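Read the structure below first, then the notes.
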Amino acid sequence: MLKVVVVGPGLMGRQHIELLASTNDATLSGIVAPVSDKNMNYAEALGVPFFSDLQVCIDQIQPSGIIISSPNEFHVNQAQVCVENKIPFLLEKPLAISQCEGRELLELVNKTDFQDRAMVGHHRSHGSIIKQSEDLIKSNILGQLVTIQGSAQFFKPQDYFIQGPWRSKLGGGPILLNMIHEISNLRTLLGEIQSVQVLASSEVRCSEVEDTAVINLRFTSGALGSFVLSDCAVSSKSWEMTSGENPNYPYYPNEYCYVISGTRGMLEIPSMVIKSYPSDKEASWMAPFTEVKSVLDRVDPLENQIAEFVELMKGKAEPTVTIDDGYRNLAVVEAIKKAAESGSLEEVEY
């Protein structure tokens with residue numbers, strides 16, 4: 001059995017632990033977290049040793065792989081420990097709390113030729129929605145891509161911030177915690193993002209970080225996008241509530257949070273409704289659409305991600321989301337944060 005250590009048994013860490021229990025080839029062998037009755041009792045309940053120091057854990061357990069789901073500020077340091085000990089790792093998003101830190105990790109991974117032994121937890125890339133949407137776009141049913149409209153609006157209760165106070169401080173906020181997932185999706189579907197403009201606000205929560213942002217994007221392909229993001233706005237227009245990928249959230253199957261429009265058709269995601277014209281010559285705002293709904297073979301992306309990590313530990317799989325992907329997603333987020341502060345158009349510096 002492959003021995004896996006989880007660093008940070010919080011919300012995501014516990015999901016990874018539950019999924020590990022359902023695999024045939026890997027087992028939880030230790031937990032690393034700050035010393036507290038809650039963390040120590042949790043490890044004891046699972047029957048695994050508890051450590052407050054990652055290097056000590058590695059020395060004693062000799063794990064086959066490590067899942068890092070600690071607060072964002074610790075990601076790079078803990079990932080560096082994994083690389084230095086030549087242990088494959090799955091690093092929760094975001095890669096780091098700054099592009100500078102992220103670049104340090106990327107350079108270390110490239111220098112040590114560790115690219116194929118590390119993956120970043122942008123788990124939506126492991127689901128059927130993104131993969132099928134990508135295939136539909138490549139089929140040219142939409143024609144040349146012109147725009148995308150996106151939304152990630154939801155109301156996070158106060159308990160969310162009480163359980164993780166760091167979420168409302170520097171290194172938290174919906175741009176870094178949530179928008180980075182959307183950026184991963186957008187880059188996969190429409191290619192690299194060239195520049196961004198942002199209006200941001202913290203009027204509702206009055207915390208150190210934003211609670212709401214409206215983001216304009218220019219892609220290198222020439223396509224344009226607009227995105228509304230908020231963790232204090234009541235709405236069903238979010239990936240969580242429209243994808244059905246996470247049973248912890250209510251599911252509204254007929255709604256969508258992205259609309260991608262091209263010169264011949266449009267695609268609603270994740271409802272997967274396609275409205276298009278039969279050909280470019282027949283495209284006209286006065287002509288009716290041909291409307292179809294693409295049927296999804298639904299899978300659990302987190303389950304697929306863990307399965308890939310197991311194969312990666314064996315040396316039998318390459319990461320779907322690499323450290324370089326994680327860095328590029330972070331570069332876009334950094335540009336978004338810079339644009340929110342400057343009020344100006346900011347180029348993305350990869």
Side-chain angles (χ1 to χ4, degrees), residues 2-8 12-13 16 29-34 51-123 125-126 166 170-172 176-177 180-181 183-184 187-188 192-193 305-306 308-335 337-338 348-350:
L2 298 167
K3 296 184 293 183
V4 179
V5 165
V6 172
V7 183
M12 284 307 303
H16 289 310
S29 298
I31 286 176
V32 178
F51 299 89
S52 60
D53 185 278
L54 179 55
Q55 187 60 58
V56 172
C57 172
I58 290 171
D59 292 340
Q60 293 190 25
I61 300 294
Q62 295 292 304
S64 312
I66 293 173
I67 298 174
I68 301 171
S69 51
S70 54
N72 301 341
E73 63 193 279
F74 303 114
H75 284 189
V76 168
N77 177 262
Q78 291 167 344
Q80 288 171 335
V81 172
C82 292
V83 175
E84 289 162 2
N85 286 272
K86 297 182 172 56
I87 299 173
F89 64 93
L90 164 58
L91 176 62
E92 262 306 324
K93 58 79 192 171
L95 189 75
I97 61 171
S98 72
Q99 188 176 357
C100 181
E101 271 199 352
R103 189 181 296 112
E104 286 181 15
L105 179 58
L106 177 63
E107 290 174 352
L108 176 63
V109 166
N110 289 339
K111 180 181 177 181
T112 56
D113 200 24
F114 215 70
Q115 301 96 327
D116 294 339
R117 308 294 284 160
M119 55 192 286
V120 183
H122 288 286
H123 63 272
S125 296
H126 297 269
W166 59 273
L170 183 64
L176 197 55
L177 296 182
I180 197 158
H181 266 313
I183 293 301
S184 180
R187 286 186 54 249
T188 299
E192 298 296 352
I193 296 169
Q305 181 179 252
I306 284 291
E308 179 176 283
F309 185 51
V310 169
E311 293 305 301
L312 183 141
M313 286 187 285
K314 295 177 183 177
K316 295 182 178 180
E318 295 182 356
T320 296
V321 184
T322 64
I323 297 295
D324 183 64
D325 287 320
Y327 172 75
R328 287 175 175 271
N329 294 338
L330 188 62
V332 177
V333 168
E334 191 99 336
K337 292 188 77 69
K338 189 183 296 184
V348 180
E349 300 178 2
Y350 289 110

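In this text, all values refer to a predicted model and were calculated from it rather than measured experimentally.
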Q: Drop me the distance from D325's CG to R328's CZ, to the nearest 0.5 angstrom.
A: 8.0 Å
Q. Hey, are N329 and H122 close enough side-chain-wise for a donor-acceptor pair under 3.5 Å?
A. yes
Q: Taking side-chain hydrogen bond (donor to acceptor under 3.5 Å, both in side chains) as the test, write out the residues that go with S98, two or more places apart.
A: none
Q: Kindly give the heavy-atom pair with the smallest separation between D113 and Q115, and that separation in Å.
A: OD1-OE1, 3.0 Å
Q.
Let me confirm one number: the SG-CG distance from C82 to L91, rounded to the nearest 0.5 Å.
A. 8.5 Å
Q: Taking all heavy atoms of S184 and all of S125, pick out the closest pair and write down the distance.
A: OG-OG, 3.8 Å
Q: Output the distance between atom CE (M313) and atom NZ (K3), rounded to the nearest 0.5 Å.
A: 12.0 Å
Q) Is there any side-chain hydrogen bond (donor to acceptor under 3.5 Å, both in side chains) pair reaching into residues 309-318, and which pairs are they, with sequence neighbours excluded? A) D25-K314, E311-K314
Q. Are V32 and V5 side-chain neighbours, meaning at least one heavy-atom pair lies under 4.5 Å?
A. yes
(Q) Is any side-chain heavy atom of N110 closer than 4.5 Å to one of I323? (A) no
(Q) To the closest 0.5 Å, what do you measure between CG (L90) and NE2 (H123)? (A) 11.5 Å
Q) If you take all heavy atoms of I66 and F309, which pair is closest and at what distance? A) O-CZ, 3.6 Å
Q. Under the side-chain contact (heavy atoms from CB on, under 4.5 Å) criterion, do N85 and Q55 qualify, and how do the steps go?
A. CA-CA 9 Å; N85 286 272; Q55 187 60 58; 3.0 Å; yes
Q) Between OG1 of T322 and OH of Y327, what distance do you get to the nearest 0.5 Å? A) 12.5 Å
Q) Got a donor-acceptor contact below 3.5 angstrom from the E308 side chain to the T320 backbone? A) yes
Q. S29 and I61: which non-hydrogen atoms are nearest, and at how many Å?
A. O-CD1, 3.6 Å
Q | Test side-chain contact (heavy atoms from CB on, under 4.5 Å) applied to V321 and M119, step by step | A | CA-CA 6 Å; V321 184; M119 55 192 286; 5.7 Å; no
**Q.** Full working for side-chain contact (heavy atoms from CB on, under 4.5 Å) between I58 and F51
**A.** CA-CA 10 Å; I58 290 171; F51 299 89; over 6 Å; no
Q. Q99 side chain to E349 main-chain N or O, any donor-acceptor pair under 3.5 Å?
A. yes
**Q.** Which atom of L176 lies closest to which atom of P94, heavy atoms considered
**A.** CG-CG, 3.8 Å
Q: Using modelled atom types only, decide if a donor and an acceptor are shared between the side chain of S69 and the backbone of E92 within a distance under 3.5 Å.
A: no
Q: Find the distance between CG (L54) and CZ (F74) and round it off to the nearest 0.5 Å.
A: 12.5 Å
(Q) Using modelled atom types and a 3.5 Å cut-off, is there a donor and acceptor pairing between side-chain atoms of H75 and backbone atoms of K93? (A) no
Q | Heavy-atom donor-acceptor pair, R117 side chain to L312 backbone, under 3.5 Å | A | yes
Q | From CA spacing to verdict: side-chain contact (heavy atoms from CB on, under 4.5 Å), F89, V83 | A | CA-CA 8 Å; F89 64 93; V83 175; 3.6 Å; yes
**Q.** Nearest heavy-atom neighbours spanning V76 and L95
**A.** CG2-O, 3.8 Å
